[in-house]
Amino acid sequence: QVRLVESGGGLVQAGGSLRLSCAASGRTFSNYALGWFRQAPGKDREFVAAIRWSGGATYYADSVKGRFTISRADAKNTVYLQMNSLKPEDTAVYYCGASYRFTIATIPLSDAYDYWGQGTQVTVSS
């Protein structure tokens, strides 16, 4: 049974940093892409960043390029999202997802993800 557990959210002032973690378990993820999405109140879930477990290719939404970095730790089966220069508009619940059926075109699409974590709240105050 696949399980994704996010942690690391919290309250931070604008300009600050947070690092989110997503601990993955239940199978080998070498053929998966792991992604971060976020959802603010009243808005759709939107793509933030993703990484292909095999090879480590990374993908980012334009809104976070240059500020966020996604990475993985193979030995820990964990994906990280380092978030710097945070803005109030980054406030959302952040979700980790795992996609087996991905293509480069579908990586930003939440429908392509097979498994999800429970989410972690990130609040950025102005």
Side-chain angles (χ1 to χ4, degrees):
Q1 180 179 351
V2 174
R3 189 175 184 219
L4 303 174
V5 180
E6 301 99 331
S7 61
L11 173 64
V12 64
Q13 289 188 328
S17 299
L18 283 174
R19 188 177 80 157
L20 305 183
S21 299
C22 173
S25 61
R27 66 180 57 199
T28 300
F29 289 91
S30 57
N31 293 322
Y32 280 73
L34 277 290
W36 287 97
F37 287 71
R38 64 188 182 189
Q39 189 165 17
K43 295 188 176 182
D44 293 334
R45 189 170 295 192
E46 67 170 357
F47 172 73
V48 175
I51 186 167
R52 295 175 67 165
W53 199 273
S54 178
T58 57
Y59 310 84
Y60 295 94
D62 288 343
S63 59
V64 306
K65 278 181 184 176
R67 299 190 298 124
F68 291 11
T69 302
I70 190 169
S71 62
R72 75 192 192 288
D74 289 353
K76 296 182 179 181
N77 249 22
T78 299
V79 173
Y80 302 99
L81 185 68
Q82 178 67 44
M83 305 186 295
N84 298 328
S85 302
L86 282 161
K87 305 175 181 179
E89 50 264 43
D90 294 318
T91 295
V93 177
Y94 283 69
Y95 296 92
C96 176
S99 174
Y100 181 75
R101 300 171 287 125
F102 73 94
T103 66
I104 291 178
T106 64
I107 277 179
L109 305 178
S110 60
D111 287 348
Y113 287 74
D114 305 288
Y115 305 99
W116 292 97
Q118 82 288 349
T120 185
Q121 177 71 47
V122 172
T123 303
V124 184
S125 63
S126 57

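Just so you know, residue 1 is the first one in the sequence shown, and it goes up from there. What's counted below: heavy atoms across the whole structure, side chains too, no hydrogens, waters or symmetry copies.
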For the residue pair Val48 and Leu81, establish whether any side-chain heavy-atom pair is separated by less than 4.5 Å. yes
Give a yes or no on whether a salt bridge exists between Lys76 and Asp74, defined as a side-chain N under 4.0 angstrom from a carboxylate O. no
By side chain to side chain contact (heavy atoms under 4.5 Å, CB included), Asn31 pairs with (sequence neighbours left out) Tyr100
According to side-chain hydrogen bond (donor to acceptor under 3.5 Å, both in side chains), who are the partners of [X], at least two apart in sequence or on a separate chain?
{"X": "Thr58", "answer": "none"}
{"X": "Tyr32", "answer": "Arg27"}
{"X": "Thr106", "answer": "Thr103"}
{"X": "Ser63", "answer": "none"}

Side-chain donor/acceptor of Glu6 to backbone N/O of Gly119, under 3.5 Å: yes
If only atom types and distance count, is the side chain of Tyr60 paired as donor or acceptor with the main-chain N or O of Gly66 below 3.5 Å? no
Restricting to pairs with a member in residues 18-100, which pass disulfide (SG to SG under 2.5 Å), not counting sequence neighbours? Cys22-Cys96
Under 4.5 Å side-chain heavy-atom separation, chaining through any Ile, Leu, Val, Met, Phe, Trp or Tyr, what else clusters with Tyr59? Say none if it is isolated. Phe37, Phe47, Val93, Tyr95, Phe102, Ile104, Ile107, Tyr113, Trp116
Tyr80: which other cluster members, linking ILVMFWY side chains closer than 4.5 Å, directly or transitively? none
Return each pair, listed once, that meets salt bridge (charged side-chain N to carboxylate O under 4.0 Å, His left out) where at least one residue sits in residues 106-119; pairs must be two or more places apart or across chains. Arg101-Asp114
For residues 89-98, pull every pair meeting salt bridge (charged side-chain N to carboxylate O under 4.0 Å, His left out), keeping only residues two or more places apart or in separate chains. Arg38-Asp90, Arg67-Asp90
Minimal heavy-atom distance between Leu86 and Leu18, with the atoms involved, is CD1-N, 3.8 Å
Please list all pairs passing the side-chain hydrogen bond (donor to acceptor under 3.5 Å, both in side chains) test where one or both residues lie in residues 12-21, with sequence neighbours left out. Ser17-Asn84
In chain order, what residues pass the salt bridge (charged side-chain N to carboxylate O under 4.0 Å, His left out) check against Lys65, with sequence neighbours excluded? Asp62
In this structure, would Ile51 and Val2 fall into the same cluster of hydrophobic residues linked by side-chain contacts under 4.5 Å? yes
